[in-house]
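First the structure, in the form of structure tokens, and then the observations on it.
Here the structure is a predicted model, which is why all the values come from computation and not from measurement.
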Amino acid sequence: MNSCFKLLKKDGEARRGELVTVHGTVQTPLFMNVGTVGAIKGAVSTEDLENIGCQIELSNTYHLHVRTGDELIKRFGGLHRFMSWDRPILTDSGGFQVFSLASMRKIKEEGVTFRSHIDGHKIFMGPEESMQIQSNLGSTIAMAFDECPPAKAEREYVLPSVQRTERWLYRCKAEIERLNGLDDTVNKRQLLFGINQGAVYNDIRIENAKRISELDLPGYAIGGLAVGETHEEMYDVIEHTAPFLPENKPRYLMGVGTPANILEAVDRGIDMFDCVYPSRNGRHGHLYTHYGKININNAKYAEDDRPIEEGCQCPACRRYSRAYIRHLHKAGEMLGLRLCVLHNLYFYNHLMEEIRNAIDEGRYKQFKDVFLEGLKQDDK
RNA sequence: UCCUCAAUAGCUCAGUCGGUAGAGCAUUCGGCUGUUAACCGAAGUGUCGUAGGUUCGAGUCCUACUUGGGGAG
């Protein structure tokens with residue numbers, strides 16, 4: 001199970017790989033499409049995801065636990081069957097909610113007490129609870145339960161936090177091994193990815209990376225970035241930390257990011273990404289193109305008969321004009337959101353395909369430079 | 001014909017005891033990084049129906065007129 005990742009080729013630090021799972025093989029570098037509650041927000045179906053070339057979907061442990069419930073989903077045969085999606089699913093552990101719901105939680109050695117954002121009731125989640133929920137969901141990849149300290153956190157806060165997250169990782173590993181051995185487990189070959197933390201302190205990050213690498217998990221993530229630090233700080237952390245994660249295991253940069261972030265991170269040895277940007281920005285009318293971002297709500301698109309991006313093969317661009325999509329947004333029509341989300345997801349998945357091709361052909365650096373230059377043109 | 005109510009931002013309307021105006025929506029423009037987000041933020045816009053009067057000072061009080069709503073005949 002631990003040899004499920006194949007590193008196919010390196011081009012500088014950029015890596016081409018293949019991740020083999022019980023739900024099929026995916027090509028890296030890849031982007032995971034974020035469907036927190038088991039759905040991509042913006043009325044995007046799993047059929048849509050297949051049509052736009054999505055390889056893997058991401059859902060959230062905490063959100064599915066508090067609404068509808070992981071035990072019910074287990075009775076349905078797991079999240080794959082529940083949402084009718086047979087490709088890989090990665091579930092985030094609920095660790096990010098320790099950060100994003102900070103005002104409603106209390107952290108202890110055993111785990112974290114949350115207040116549900118839905119009805120305010122108390123929920124306790126520790127490593128074991130998170131693994132049990134993810135096991136019930138039967139996702140392809142389960143993420144370790146971690147704490148994500150804010151970028152501006154003091155060293156004095158970060159170090160003990162990282163050490164606790166590390167102890168939680170041992171407990172996650174033991175628990176998932178136990179759960180994978182049970183008869184009624186949905187996915188007995190569920191993979192566990194560990195998470196590196198340490199805010200912007202490279203020495204803490206590196207020490208942590210070395211230690212968690214010894215666990216020989218099927219994959220590793222760099223977490224706690226894009227939470228308030230500058231892009232330069234983020235790139236610096238990746239550059240210094242990634243080399244201390246196992247070469248023959250996938251590296252996942254959690255929650256990142258913009259197309260430029262992804263291009264830079266691939267160049268520093270990252271294989272997997274996820275981000276709410278394409279879906280959230282799509283819902284808000286901000287659309288990605290090779291020439292920068294456009295805000296379809298802007299008045300200048302009111303009579304623009306062109307597609308969002310000339311030559312784009314997404315369902316929105318193949319058929320509709322900017323003027324029409326702007327009209328839909330202004331009118332508050334759901335179709336407007338949907339078309340924009342489809343475009344952005346297509347753009348991201350297609351970007352990853354372009355990246356993989358460039359690495360395959362040994363021209364990644366050049367590809368990255370040209371792409372970044374294009375993004376700067378802005379507003380075409 | 002009379003009585004009565006209303007007239008303030010593009011729209012719907014607040015505006016205290018008289019001290020030269022403000023909300024929502026709309027418009028325009030931003031922001032969003034393991035989703036508490038079809039969200040959040042900022043900005044622009046006024047002959048306060050017209051003409052007089054009272055007053056140091058009127059969106060506010062008085063008079064007439066105009067337009068609109070309701071009622072009586």
Side-chain angles (χ1 to χ4, degrees), chain A residues 31-44 56-64 66-67 90-105 114-120 123 130 134 139 141-151 165 193-197 221-231 233-234 252-262 264-265 270 272-286 288 293-302 326 328-341 344 348 379:
Chain A
F31 180 78
M32 295 184 281
N33 304 254
V34 180
T36 304
V37 301
I40 309 279
K41 293 183 192 295
V44 174
I56 169 167
E57 193 268 351
L58 181 150
S59 288
N60 186 281
T61 299
Y62 163 81
H63 290 273
L64 289 172
V66 295
R67 183 131 59 194
L90 178 143
T91 41
D92 188 27
S93 61
F96 189 71
Q97 280 62 45
V98 177
F99 165 75
S100 64
L101 302 177
S103 61
M104 311 189 233
R105 53 87 166 136
F114 291 91
R115 288 236 168 241
S116 159
H117 69 286
I118 294 166
D119 61 10
I123 303 157
S130 177
Q134 295 186 75
S139 57
I141 300 167
M143 295 306 298
F145 187 72
D146 65 333
E147 186 196 343
C148 174
T165 290
F193 279 23
I195 304 175
N196 169 259
Q197 289 288 357
I222 296 178
L225 287 179
V227 288
E229 79 286 0
T230 64
H231 283 179
E233 288 174 311
M234 174 168 83
Y252 163 30
L253 179 58
M254 304 184 81
V256 176
T258 66
N261 291 159
I262 291 175
E264 295 293 356
I270 301 296
M272 299 169 65
F273 300 88
D274 82 281
C275 189
V276 303
Y277 266 165
S279 50
R280 183 185 292 170
N281 282 335
R283 293 197 305 284
H284 298 168
H286 291 237
Y288 292 93
K293 232 167 48 163
I294 72 172
N295 182 350
I296 200 66
N297 293 300
N298 289 359
K300 60 184 167 184
Y301 303 120
R326 176 176 191 274
L328 292 174
H329 259 265
K330 288 291 181 185
E333 282 297 330
M334 173 96 77
L335 178 60
L337 310 188
R338 182 175 138 78
L339 291 174
C340 289
V341 173
N344 280 351
Y348 266 69
D379 245 25

Inset, instruction - Let me know, please, whether A/Gln197 or A/Leu337 comes out on the 5' side of the other along RNA chain B by nearest nucleotide. - result: A/Gln197
Legend entry - Below 4.0 Å: OP1/OP2 of B/rU36 and any side-chain N or O of A/Ser100: yes
Inset, instruction - Output yes when at least one side-chain N/O atom of A/Gln97 is less than 4.0 Å from OP1 or OP2 of B/rG34, else no. - result: no
Inset, instruction - Compare the ring of A/His284 with the six-membered ring in the base of B/rC39 and state whether they stack (centres under 5.5 Å, planes under 30°). - result: yes
Legend entry - Complement of B/rU35, any strand, by Watson-Crick or G-U distances under 3.5 angstrom: none
Inset, instruction - Indicate, with a heavy-atom threshold strictly under 4.0 Å, whether A/Leu253 touches base, sugar-phosphate, or nothing. - result: nothing
Legend entry - From B/rU36, B/rU33, B/rU35, nucleotide with atom closest to A/Arg283 side chain: B/rU35
Inset, instruction - Find the distance A/Asn33:CG to B/rU35:P and express it as a whole number of Å. - result: 13 Å
Legend entry - Polar pair under 3.5 Å, donor/acceptor by atom type, side chain A/Asp146, base B/rG34: yes
Inset, instruction - Could you verify whether a donor N or O on one side chain and an acceptor N or O on the other, from A/Tyr62 and A/His117, lie under 3.5 Å apart? - result: yes
Legend entry - Nearest-Å distance once atom P is located in both B/rU8 and B/rA14: 10 Å
Legend entry - B/rA23 and B/rU63, which share atom name C1', separated by this distance in whole Å: 33 Å
Inset, instruction - Specify the residue among A/Gly332 and A/Val34 whose closest nucleotide of RNA chain B lies further upstream toward the 5′ end. - result: A/Val34
Legend entry - Between B/rG59 and B/rC3 - P atom distance, rounded Å: 28 Å
Legend entry - Pairwise C1' distance, B/rG46 and B/rU12 [rounded to whole Å]: 16 Å
Legend entry - A/Arg326 side-chain N/O to B/rU27 phosphate OP1/OP2 under 4.0 Å: no
Inset, instruction - For a side chain to side chain donor-acceptor pair (under 3.5 Å) with A/Tyr288, tell me which candidate from A/Asn281, A/Thr258, A/Asn344 qualifies. - result: A/Asn281
Legend entry - Interatomic distance at C1', B/rG10 relative to B/rU45, whole Å: 9 Å
Inset, instruction - In whole angstrom, give me the gap between the C1' atoms of B/rC48 and B/rU36. - result: 43 Å
Inset, instruction - Identify which one of A/Ile270, A/Asn196, A/Asp274 satisfies the side chain to side chain contact (heavy atoms under 4.5 Å, CB included) criterion when paired with A/Tyr252. - result: A/Asp274
Inset, instruction - Under 4.0 Å between any heavy atoms, over every strand shown, what does A/His329 touch: base, sugar-phosphate, or nothing? Just pick one. - result: nothing
Legend entry - Side chain to side chain, A/Met143 and A/Thr91, heavy atoms closer than 4.5 Å: no
Legend entry - Base-pairing assignment for B/rG30 (Watson-Crick or G-U wobble, both under 3.5 Å): B/rC40
Inset, instruction - Please state the P separation for the pair B/rG53 and B/rU60 - nearest whole angstrom. - result: 14 Å
Legend entry - B/rU28 phosphate, OP1 or OP2, under 4.0 Å from A/Lys330 side-chain N/O: yes
Legend entry - Any A/Glu264 side-chain heavy atom under 4.5 Å of A/Val256 side chain: no
Legend entry - A/Ser279 (side chain) and B/rU35 (base): donor-acceptor pair under 3.5 Å: yes
Legend entry - Spacing between A/Asn295 atom CG and B/rU28 atom C1', to the nearest angstrom: 11 Å
Inset, instruction - Side chain of A/Met334 only, please: which of B/rU28, B/rU33, B/rA38 is the nearest? - result: B/rA38
Inset, instruction - Could you check which of B/rG34, B/rC32, B/rU35 has an atom nearest any side-chain atom of A/Tyr277? - result: B/rC32
Legend entry - Between B/rC62 and B/rG19 - P atom distance, rounded Å: 15 Å
Inset, instruction - For A/Asn281 and B/rU35, give me the distance from atom CG to atom P, rounded to whole Å. - result: 15 Å
Legend entry - Atom-pair distance (CZ on A/Arg280; P on B/rC40), nearest Å: 12 Å
Inset, instruction - Can you figure out which of B/rU33, B/rG30, B/rA38 approaches the side chain of A/His231 most closely? - result: B/rU33
Inset, instruction - Just call it for A/Gly285: base, sugar-phosphate, or nothing, with non-hydrogen atoms closer than 4.0 Å on any strand. - result: nothing
Inset, instruction - State the pairing partner of B/rC2; accept Watson-Crick or G-U wobble contacts with both distances under 3.5 Å, and report none otherwise. - result: B/rG71
Inset, instruction - Remember a base hit wins even if backbone is also touched, and classify A/Asn60 as base, sugar-phosphate or nothing at under 4.0 Å, heavy atoms. - result: sugar-phosphate
Inset, instruction - Considering just the side-chain nitrogens and oxygens of A/Asn298, establish if one lies under 4.0 Å of OP1 or OP2 belonging to B/rG30. - result: yes
Inset, instruction - Starting from the C-alpha separation in whole Å, work towards a yes-or-no answer on side chain to side chain contact (heavy atoms under 4.5 Å, CB included) for A/Thr36 and A/Ser59. - result: CA-CA 4 Å; A/Thr36 304; A/Ser59 288; over 6 Å; no
Legend entry - Spacing between A/His286 atom NE2 and B/rG41 atom C1', to the nearest angstrom: 12 Å
Legend entry - Atom-pair distance (CG on A/Asn297; P on B/rA42), nearest Å: 18 Å
Inset, instruction - Using atom CE of A/Met143 as one end and atom C1' of B/rG34 as the other, report the distance to the nearest whole Å. - result: 8 Å
Legend entry - Flag, side chain of A/Asn261 to backbone of A/Ala226, donor-acceptor distance under 3.5 Å: no
Inset, instruction - Could you check which nucleotide pairs with B/rU12 in any of the strands shown, counting Watson-Crick or G-U wobble with both distances under 3.5 Å? - result: B/rA23
Inset, instruction - Would you indicate whether the side-chain heavy atoms of A/Val227 and A/Cys148 approach each other to under 4.5 Å? - result: yes
Inset, instruction - Could you work out which one of B/rU36, B/rC29, B/rG34 sits closest to the side chain of A/His117? - result: B/rU36
Inset, instruction - Using Watson-Crick or G-U wobble geometry with both distances below 3.5 Å, tell me the partner of B/rU63, or none. - result: B/rA51
Legend entry - Whole angstrom value for the distance that separates P of B/rU28 from CD1 of A/Ile296: 13 Å
